[in-house]
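Scroll down for the structure; my scribbles are underneath it.
Protein chains get the first letters and strands the later ones, always in sequence-line order, with residue 1 at the start of each. What you see is a predicted model; the values in this text were computed from it and never measured. Heavy atoms only: backbone and side chains are in, while hydrogens, waters and symmetry mates are out.
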Number of protein chains: 2
Amino acid sequence: MEAPHCKFETVLEILVGKWKPVVLFHLFSNGTMRFSELQKAIPDITKKMLTQQLRELEYHDIVHRKIYHQIPPKVEYSITEHGKGMSTVLQAMNDWGMSHLTHLNELYGEERSVESFEGRLDEVIKG
Amino acid sequence: MEAPHCKFETVLEILVGKWKPVVLFHLFSNGTMRFSELQKAIPDITKKMLTQQLRELEYHDIVHRKIYHQIPPKVEYSITEHGKGMSTVLQAMNDWGMSHLTHLNELYGEERSVESFEGRLDEVIKG
DNA sequence: AAACCTAGTATACAAAAAGATACCTATATG
DNA sequence: CATATAGGTATCTTTTTGTATACTAGGTTT
């Protein structure tokens with residue numbers, strides 16, 4: 001990952017990647033999840049991608065990784081306190097994003113999908 | 001560009017790409033800029049990339065493209081009214097991004113560059 | 001008439017991100 | 001003693017992004 005050039009690019013750095021938003025969504029929703037639970041929740045993600053995204057989020061101290069030293073292994077992921085502070089930004093992005101989708105629909109018609117993975121990130125990050 | 005899966009991904013869709021943030025920064029700062037002025041402001045960008053980013057921003061109705069039918073050609077770019085509505089989100093991202101950088105510095109030391117292209121997007125989008 | 005200007009497009013190529021698949025660890029279970 | 005288990009890594013291929021370079025249009029300047 002490169003150093004950010006402007007402050008809001010830091011946020012982008014955290015969020016970009018095909019799977020980061022979904023992963024965050026599930027962790028914000030469920031609080032604590034095991035690696036395998038995340039895999040089940042996001043069926044199309046490969047282990048490699050899931051690991052990668054989680055490690056990047058961990059680097060940014062958005063996600064905490066708790067290892068249980070047992071066999072078979074058990075690892076739990078959760079949003080850190082610092083990570084929870086992101087919810088305001090996510091909320092702002094979500095709100096404007098919604099109105100932007102409406103705007104796009106006005107401009108181009110209803111072709112765009114507005115469906116989300118269960119579609120309730122807004123509710124989730126508020127709580 | 002794919003359809004977004006969650007609302008805040010719409011915002012990401014607008015912002016991702018190596019050059020989108022810089023382009024937006026300059027347009028928010030300068031109000032109206034010609035293609036060539038943008039090129040000068042962002043020396044490393046190629047015409048192809050600049051065109052591409054601008055077209056994507058135009059599609060999202062963030063940037064307006066005004067063509068003067070003269071030769072040699074003249075085309076001016078500016079932020080649309082709809083685009084200006086994004087400034088709140090950018091501001092939120094910027095603010096949290098700044099505090100996040102501080103947090104990262106506390107965690108990992110001062111290795112990370114906090115420099116931005118002139119570093120004043122926050123001032124610019126407030127105005 | 002040749003060269004120059006601006007705002008591009010076209011084509012080929014390199015680099016980065018993502019995907020597919022196989023493999024590893026060490027214990028518990030059948 | 002073979003197999004399953006959970007959470008990964010390693011390696012290779014494909015796809016997506018971004019870069020480099022050349023070319024175009026058509027009026028203006030030299």
Tabulate atom names and distances for all N/O pairs under 3.5 angstrom spanning the protein and nucleotides 20-30 of chain D.
none

task: Decide whether B:H100 and A:H82 meet the rule of one side-chain donor and one side-chain acceptor closer than 3.5 Å.
output: yes
task: Output yes when at least one side-chain N/O atom of B:R34 is less than 4.0 Å from OP1 or OP2 of C:dC5, else no.
output: no
- request: Let me know the distance between CD of B:E13 and C1' of D:dT17, rounded to the nearest Å.
  value: 15 Å
- prompt: For D:dG8, does either OP1 or OP2 sit under 4.0 Å from a side-chain N or O belonging to A:R65?
  reply: yes
- request: Could you state the atom-to-atom distance from CD1 of A:I45 to P of C:dG19 in whole Å?
  value: 8 Å
task: Quickly work out the B:L50 CG to D:dG18 C1' distance and round it to whole Å.
output: 14 Å
query: Should A:Y77 be listed as having a side-chain N or O under 4.0 Å from OP1 or OP2 of D:dA6?
result: no
- prompt: Taking NZ from A:K40 and P from D:dT5, how many angstroms apart are they, rounded to a whole number?
  reply: 10 Å
query: What integer distance in Å separates B:K20:NZ from D:dT17:C1'?
result: 11 Å
- prompt: Of the nucleotides D:dG8, C:dA18, C:dG19, which one has an atom closest to the side chain of A:W19?
  reply: C:dG19
message: Less than 4.0 angstrom between a side-chain N/O of A:K18 and OP1 or OP2 of C:dG19, yes or no?
response: yes
- request: Would you kindly give the CE-to-C1' distance between B:M49 and D:dT19, to the nearest whole Å?
  value: 8 Å
- line: DNA chain C nearest-nucleotide lookup for A:G17 and B:V75: closer to the 5′ end is B:V75
query: For A:T51 and D:dG7, is the shortest distance between a side-chain N/O and OP1 or OP2 below 4.0 Å?
result: no
message: Applying a 4.0 Å non-hydrogen cut-off, can you work out what B:Y68 is touching in the nucleic acid: base, sugar-phosphate, or nothing?
response: nothing
task: Would you please classify the geometry between the A:Y77 ring and the A:F35 ring as parallel, tilted or perpendicular, with 30° and 60° separating the classes?
output: tilted
- request: Nearest whole angstrom, please: distance from the C1' of C:dT6 to the CD of B:E76.
  value: 13 Å
- line: Nearest heavy-atom contact between A:K20 and A:I14 is CD-O, 3.1 Å
- request: Please report, rounded to the nearest Å, how far the C1' atom of C:dC5 is from the NZ atom of B:K74.
  value: 14 Å
message: Under the criterion salt bridge (Lys or Arg N to Asp or Glu O under 4.0 Å), I'd like the reasoning laid out for A:K84 against A:E81: C-alpha separation, chi angles, the key distance, then a yes or no.
response: CA-CA 5 Å; A:K84 284 173 190 163; A:E81 279 312 303; 3.0 Å; yes
query: Of the options A:L54, A:L38, A:D44, A:T46, which is the one that meets A:W19 in a side-chain contact (heavy atoms from CB on, under 4.5 Å)?
result: A:D44
message: Applying ring pair (Phe, Tyr, Trp, His ring centres under 6.0 Å), can you list everything that pairs with B:H64, at least two apart in sequence or on another chain?
response: none
task: Return the set of residues passing side-chain hydrogen bond (donor to acceptor under 3.5 Å, both in side chains) with A:R55 (not counting sequence neighbours), or none when no residue passes.
output: none
message: On the nucleotide C:dA7, are OP1 or OP2 found under 4.0 Å from the side-chain N or O atoms that B:R55 carries?
response: no
